[in-house]
Amino acid sequence: MTKRVITKAELPNILVRLMDHYRVYAPVLQNDMINFQLLAGDTQADFSLPNTRLSPKTLMLPQSERMFEFTLDKAGGQGRILQEIEKDYSPRAIFGIRPCDAKAFQLLDLNFDTDSYRDAWWVRRRQITTLVGFGCSEPCDTCFCSSVGSGPFSPDGLDVIFTDVGENYLVDTLTDKGERLVALVSAEGEAEENVVATARELKKAAVKSISSVVPTESLDKHSVSALFEAAFWDGVQFACINCGVCTFVCPTCWCFDIQDEVSKDNGVRVRNWDACMFSLFTLHGSGHNPRSQKLSRVRQRFMHKLKYFVDKYNSGAACVGCGRCVQQCPVNIDIREVFKLMNDFKV
Amino acid sequence: METYKAKMFEIALRVLAQGRVDAVLGFQRGTVPMTVQPILIREPEEADRLHWDSYCSINLANYLPKRREKLAVVAKGCDSRNIVLQILENQIRREQLYIIGVPCQGMADRKQVLSQLGGRRLLGVRETSTHLHLAGEGFVETLERSRYLQENCAICTHRNPVLFDELVAQPKPEQGDVDRYEDIRAIEGMNDHERWLHFQQLLDPCVRCYACRNACPMCYCPTCFVDDSNPQWLGKSIDRTDTSTFHILRAYHLTGRCTDCGSCEQACPMGIKVRQLTKKLEKDVKRLYGQEVGLTLEERPTLDIYRPDDPQEFFK
């Protein structure tokens, strides 16, 4: 694959040109926070912050997905038959995604795109999307991507990766999909060796600057039931207020709930993000709730990410080290501390 | 702050050692600058984990409802008012509590301080009674504390605990000259259409994580109306109607009960100023009934009392 150079001054024009070929999503400043938005008109992309407030998960797994519509009226012969709601599958690019968030998509593939089960919408959206990553020259103090199988310049899951080398970007294409996108906006021509060397140094410095490290090597060695019964959960859970902040800002939390919303004779089947923090998440129709206590809900979140997922898929933890939950938790429940407690657990 | 902490430690140690309480509810230092974590301390040896600084904003009264043991609880002015309300609403008994009152100087707004940094990496913070000192790689910045207070703290008129067993310091002078309702008057001045648009814009970023509700010491219903499933009052999506209904109804449930502690806004990951709803109701309660809630155990919350001079005609 190729290495090219694009000047920073060109970037706004490049985005505009890409908009002729793709629906382009990029970080945009709105309401005092930066989140991924569809670029349109004169919306300005903003690449100044390492992480968007919410992860781009919503672009693959929308918070509220209108799946099907139906009518209860039997007159037309279509009564109670689900009709798939049309979705836009034209090509799109997520521009400025960070390596951790791209890695998260790969982890979610393990759940949504398997031999035995394929989530059609997830798979289709993955296919039509080109991921143009921005390496992180200045990771946050809460970033721990390099401990969990990613890294500030990890190419995993990306089609293109940009490295900020001062006035220019070094643009590495990583896949054919990426090459097709870059070819639309940049002429052929290899980057000069000194630019490549500068980028290499920046990457090394970025990896080194990550001060936050979590241990993971023993997670798969513990017995599930011993960890489940560990005494430390009581301390972990005390402060938790059981809100959904951690799960909603998390790029790898994928749980959802499906509901029919019916008004008179017409209905829509909607798939909404759900959260294991909510007591309603496991409430049975009988009224019984197997996770009626806060402790069991908090434990579930961490056991799922750092134990069940690890054991089931053999691909590490369901965490990419983006640090969003660490930054946003109103009561400072820090997953890095839970990594330590679980990994270093002794019976 | 250090003297506060030392006194808090001394009290905690004493009440635990004397068996006056089973545990002490307070804060410990967080893992990230400008964060803290509520903690329950059961053993005197752990009392030195108690921490106090300008970021202890989460309302600890939130952890009290339905607890059975005897607890010492660290309480700022607002926390103490919520404790009063919880006692009146039978969520906790006065005899269970040993209230360690903290004369508050207002809490600093972490989000505002962070925005001042513009993405630069923060390594540590220090503070004095007047300034916040931030240190990061290649920079040191000093901010005037009073300019970085949470919005609710800047306009707070009850910084001193209203109910306590012991104070960690002498009461502070209360702020007399503050205008609590500048933003509310601006909304009141809008016409219906403008106001509706304003609230839509206000609530649009909501992701329905319920952090506002769950951080609120007065939101302790065993089942919140949004979680009822038979009947299900509200849709679960981020449809505007459902989201707005959640926020508006929640605010109404807090009429005459909200102390403007600001936990809801501090907990919100999307920076939504949900207090614009509750403050309007607070203002109306003050105007109609002359009540500021949670100041004394002698007065029940406005909407659970009846008086012959009730201003509503239909009551007479």
Side-chain angles (χ1 to χ4, degrees), chain A residues 30-33 35 48-51 53-54 58 62-66 138-142 209 211-212 234-235 238-249 257-259 261 268 270-275 277-280 283 285 323-334 336-337, chain B residues 25 27-40 55 57-58 62-63 110-111 114-115 118-123 136-137 201-202 204-205 207-216 222-224 226-230 232 235-239 242 263-264 266-272:
Chain A
Q30 195 186 20
N31 297 323
D32 293 329
M33 56 188 159
N35 280 311
S48 64
L49 276 187
N51 266 332
R53 182 75 58 92
L54 297 173
T58 188
Q63 175 160 10
S64 292
E65 167 109 86
R66 292 160 58 85
E138 292 173 0
C140 307
D141 52 353
T142 45
S209 79
S211 51
S212 199
D234 193 45
F238 174 75
C240 180
I241 58 172
N242 262 182
C243 70
V245 169
C246 51
T247 56
F248 282 10
V249 299
D257 179 35
I258 293 175
Q259 289 230 327
E261 293 193 348
V268 182
V270 192
R271 172 161 82 170
N272 297 306
W273 289 354
D274 205 344
M277 293 291 108
F278 301 155
S279 72
L280 202 60
L283 181 63
R324 286 187 178 90
C325 57
V326 181
Q327 288 283 357
Q328 295 299 326
C329 174
V331 292
N332 184 236
I333 293 177
D334 188 329
R336 298 171 300 176
E337 300 298 310
Chain B
L25 175 58
F27 291 101
Q28 66 177 334
R29 189 186 287 278
T31 57
V32 176
M34 299 187 287
T35 63
V36 293
Q37 184 177 64
I39 183 177
L40 195 64
Y55 306 97
S57 69
I58 285 290
N62 193 28
Y63 293 85
R110 171 175 177 251
K111 289 168 192 170
L114 281 175
S115 72
R120 285 175 299 171
R121 245 164 106 156
L122 184 63
L123 295 175
E137 273 165 33
Q201 278 168 7
L202 180 78
D204 257 357
V207 290
R208 299 278 296 265
C209 69
Y210 302 129
C212 50
R213 175 193 73 182
N214 290 20
C216 175
T223 305
C224 177
V226 290
D227 291 336
D228 267 332
S229 48
N230 191 17
Q232 182 178 317
K236 301 287 182 193
S237 76
I238 44 172
D239 176 276
D242 292 320
S263 283
C264 46
Q266 284 304 305
C268 177
M270 307 303 282
I272 301 172

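Treat the numbers as computed from the prediction; the structure is a model and nothing was measured. Order of the sequence lines sets the chain letters (A, B, ...), proteins ahead of strands, with each chain counted from 1. We use all heavy atoms of the structure for the numbers below, so side chains are in, but hydrogens, waters and symmetry mates are not.
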A/E261 side, atom CD; B/Q232 side, atom CD - distance, nearest 0.5 Å: 7.5 Å
May I ask you to name which of A/C246, A/P139, A/P50 has the most heavy-atom pairs under 4.5 Å with chain B? A/P139
Within the 4.5 Å heavy-atom criterion, are B/E137 and A/S209 side-chain neighbours or not? no
May I ask you to test the A/N332-B/F27 pair for a side-chain heavy-atom distance under 4.5 Å? no
Report which part of B/D228 has an atom under 4.5 Å of a heavy atom belonging to chain A: side chain, backbone, both, or neither. neither
Can you confirm whether more than 12 heavy atoms, excluding those of B/R120, are under 6.0 Å from its CZ atom? yes
Largest heavy-atom contact set with chain B, pairs under 4.5 Å, which of A/N272, A/V249, A/L283: A/N272
Side chains of A/Q30 and B/D204, heavy atoms from C-beta outward: is any pair under 4.5 Å? no
Can you name the nearest heavy-atom pair linking A/V245 to B/A267, along with the distance? CG2-O, 4.1 Å
One should read off an interatomic distance between B/C268 SG and A/Q328 CD, to the nearest 0.5 angstrom, of 9.0 Å
Quick check on A/R336 against chain B: is it the side chain, the backbone, both or neither that has a heavy atom closer than 4.5 Å? side chain
Check B/Y63 against A/V331 and note the closest heavy-atom contact, atom names and distance. OH-CG1, 3.4 Å
Using heavy-atom distances under 4.5 Å, tell me whether A/F248 contacts chain B through its side chain, its backbone, both, or neither. side chain
side-chain contact (heavy atoms from CB on, under 4.5 Å) with B/T31: of A/D334, A/I333, A/T142, only one passes, and it is A/D334
To the nearest 0.5 Å, what is the distance between CE on B/M270 and CG on A/L54? 4.0 Å
So which residue, A/C140, A/S64, A/S211, A/A275, ends up with the most heavy-atom pairs under 4.5 Å with chain B? A/S64
Under 3.5 Å, is there a donor-acceptor pair between the side chain of A/Q63 and the main chain of B/V207? yes
Cut-off 4.5 Å, heavy atoms of chain A, and the answer for B/L25 is side chain
Counting heavy-atom pairs under 4.5 Å to chain B, which of A/M277, A/E337, A/Q327, A/E138 comes out on top? A/Q327
Shortest non-hydrogen contact from B/P205 toward A/M33: CB-CE, 3.9 Å
If you count heavy-atom pairs within less than 4.5 Å of chain B, which of A/L49, A/N35, A/V270, A/N242 leads? A/N242
Here the gap from B/I58 atom CD1 to A/I241 atom CD1, rounded to the nearest 0.5 Å, amounts to 6.0 Å
Counting heavy-atom pairs under 4.5 Å to chain A, which of B/V32, B/N62, B/D239, B/N230 comes out on top? B/V32
Per-residue tally against chain B (heavy atom, under 4.5 Å) across A/P330, A/C240, A/A239 peaks at A/A239
Count the heavy atoms belonging to other residues, nucleotides or ligands that lie under 6.0 Å from CZ of A/R66, then report whether that count exceeds 12. no
Is there a donor-acceptor pair closer than 3.5 Å between any side-chain N or O of B/Y210 and the backbone N or O of A/G244? no
Which atoms of A/D32 approach chain B - backbone, side chain, both or neither, heavy atom under 4.5 Å: neither
If you round to the nearest 0.5 Å, how far is OG1 of A/T58 from CD1 of B/I238? 6.5 Å
